[in-house]
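Before any comments, here is the structure.
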Number of protein chains: 2
Amino acid sequence: MLARYNHSTRILLALDCIVFGFDGEELKLLLIKRDFEPERGKWSLMGGFLNEDEDLEVAANRILYDLTGLKDIYFEEIKTFGEINRDPVERTVSVCFFALINIHAHSQDAAKAQNAFWISLKDRPDLIFDHSNMVDLALERLRYRAALHPIGFELLPEKFTIPQLQKLYEAIYDTPLDRRNFSRKILSTKLLIDTGEKNENSATKKAILYKLDQEKYQRQFNAFHYFVSDFKV
Amino acid sequence: MLARYNHSTRILLALDCIVFGFDGEELKLLLIKRDFEPERGKWSLMGGFLNEDEDLEVAANRILYDLTGLKDIYFEEIKTFGEINRDPVERTVSVCFFALINIHAHSQDAAKAQNAFWISLKDRPDLIFDHSNMVDLALERLRYRAALHPIGFELLPEKFTIPQLQKLYEAIYDTPLDRRNFSRKILSTKLLIDTGEKNENSATKKAILYKLDQEKYQRQFNAFHYFVSDFKV
DNA sequence: TTCAAAACGTGTTATTATGACACAATTTTA
DNA sequence: TAAAATTGTGTCATAATAACACGTTTTGAA
């Protein structure tokens, strides 16, 4: 054994992830129906432990990949939960983060292997440990971020319409938004490119399909936009 | 030994804290001149290890108390740093947070006991490990938060003038602000109460001393205010 | 074939917020 | 007593916002 610090407490470090998805109508969570101990049969977030030879960020990507089959997922760290008794099995400190994915793009097989299911936010069950608190905080953070930064696009397919984007924002904030003001706001960011196509799935007037200007998105990511202008955190 | 998870990796968990202070002119950091190993003689952030019987948040308060003699300090978690080789002594994951204190209110004795000194942000030395990255991130986060939330008050004494507050914001963003627009902005929040007193230390026109409307501050904390309206994150 | 219903795209207007700038008042000191 | 520094308040043109109206496209029922 090499040199070590003279401090006895070494702790199991977990990561727990809130995965948000959007089906066009509602905001959803990818939750695990546990077929393993502890708390078998109950619902929880997807999680895992940090390995000895693994960066924390690498571990987060690994856990997301195991759950969704996707790489390069958008995620943000939220908070590290470290109450003594948060895990009844053993003292565990958990680094918690949320991820945004296109609900139609992930691997069904990967989700199935983890016994994971999409659950509407409005129907969310009680979760084990402090996972419900984590979801509360994730939702708060998502609202905070999405009000100012264009992260909502991460939840949509490559091509999307402005009404779809609006429905997403309405789902995130659980509030109706004015169609005309929202459209003006979004278009003023110049982040959207008209693909020339229209949404053929519509039963009424077909909406214009846009795609994100990826280059401008990366460049302007940190500029405030106030997507939901009357939103108070 | 009670039940444990079947996972071998248990890790030393550290906390590192960026303490910001403001002396009326410049934004400063409370840094440690290390008289202990490792990296004796170099500069670092104040830190410590999480104890077995201690909540993470309690540990953060303990570390801040040991450094400043203050309780109920304003602090926010920033990020958990978990790269494999971030600490050359032993794998250590560090929960990093920043704190804001009134530079004149803390205990000189406590700081002296920790060999801590106030260093202007502009003169900041290289720090050990990844502590310089932590400071960068803390500053970014402070700017982000202070642009939208009235946390700047945490750095000032109980009674302060609007010009003092403006100097603080100018120090945080390292940019000049328009005196008249800033004043209008701040007063429009209705967070300031005129104490009826004036700043007797001034060599010219004495500015009005205000105090924070604590009740309204707590209530409105999460409302956006855009204190620095042309600030881009 | 036509018309009603639903959803989409764009425009108008009053109000408020912002950014740039001017001027008068206070205090100390030369 | 006047100059210099600093503070408090005001103005104005422009931009952003919130509330609201109208015409267009598309489907499907009459």
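We use all heavy atoms of the structure for the numbers below, so side chains are in, but hydrogens, waters and symmetry mates are not. The shown structure was predicted, so the numbers you read here are calculated from the model rather than taken from an experiment. Sequence lines set the chain letters: A, B, ... in the order given, protein chains first and strands last, and positions in each chain run from 1.
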Would one find a side-chain N or O of A/K206 under 4.0 angstrom from OP1 or OP2 of C/dC8? no

Think B/K205 has a side-chain N or O under 4.0 angstrom from the OP1 or OP2 of C/dA24? no

Taking C/dG19, D/dT7, D/dA19 as options, the one with an atom nearest any side-chain atom of A/N181 is D/dA19

Let me know the distance between CZ of A/F160 and C1' of C/dC8, rounded to the nearest Å. 16 Å

Calculate the interatomic distance between B/N199 atom CG and C/dT26 atom P; express it in whole Å. 17 Å

Using whole Å, what does the distance between atom P of nucleotide D/dT17 and atom CG of A/D178 come to? 13 Å

Under a 3.5 Å cutoff, is there a donor and acceptor pairing between the side chains of B/T161 and B/N199? no

Does B/R184 get its side chain close enough to the base of D/dG10, under 3.5 Å, for a donor-acceptor pair? no

Expressed as a whole number of angstroms, how long is the span from A/K198:NZ to C/dA7:C1'? 12 Å

Between B/I208 and A/S202, the residue closer to the 5' end of DNA chain D by nearest nucleotide is B/I208

Whole-Å gap separating P (D/dA19) and CG (A/L177): 11 Å

Of the options B/H131, B/M134, B/R141, which is the one that meets B/I18 in a side-chain contact (heavy atoms from CB on, under 4.5 Å)? B/M134

Sugar-phosphate, base or nothing in reach of B/I162, heavy atoms under 4.0 Å: nothing

Apply ring pair (Phe, Tyr, Trp, His ring centres under 6.0 Å) to B/H149 and A/Y144, showing your working. CA-CA 12 Å; B/H149 302 277; A/Y144 194 107; 5.6 Å; yes

Residue that, paired with A/F153, satisfies side-chain contact (heavy atoms from CB on, under 4.5 Å) out of A/L100, A/L168, A/L192: A/L192

Does A/R180 get its side chain close enough to the base of D/dA19, under 3.5 Å, for a donor-acceptor pair? no

Polar pair under 3.5 Å, donor/acceptor by atom type, side chain A/R179, base C/dA7: no

Length of the line joining A/K185:NZ and D/dA18:C1', which is rounded to integer Å: 11 Å

Measure CG/A/N201 against P/D/dT27 and give the value in whole Å, please. 12 Å

How long is the gap from CG on A/D213 to NZ on A/K190, to the nearest 0.5 Å? 11.5 Å

Roughly, in whole Å, what's the span from CZ in B/F182 to C1' in D/dT6? 16 Å

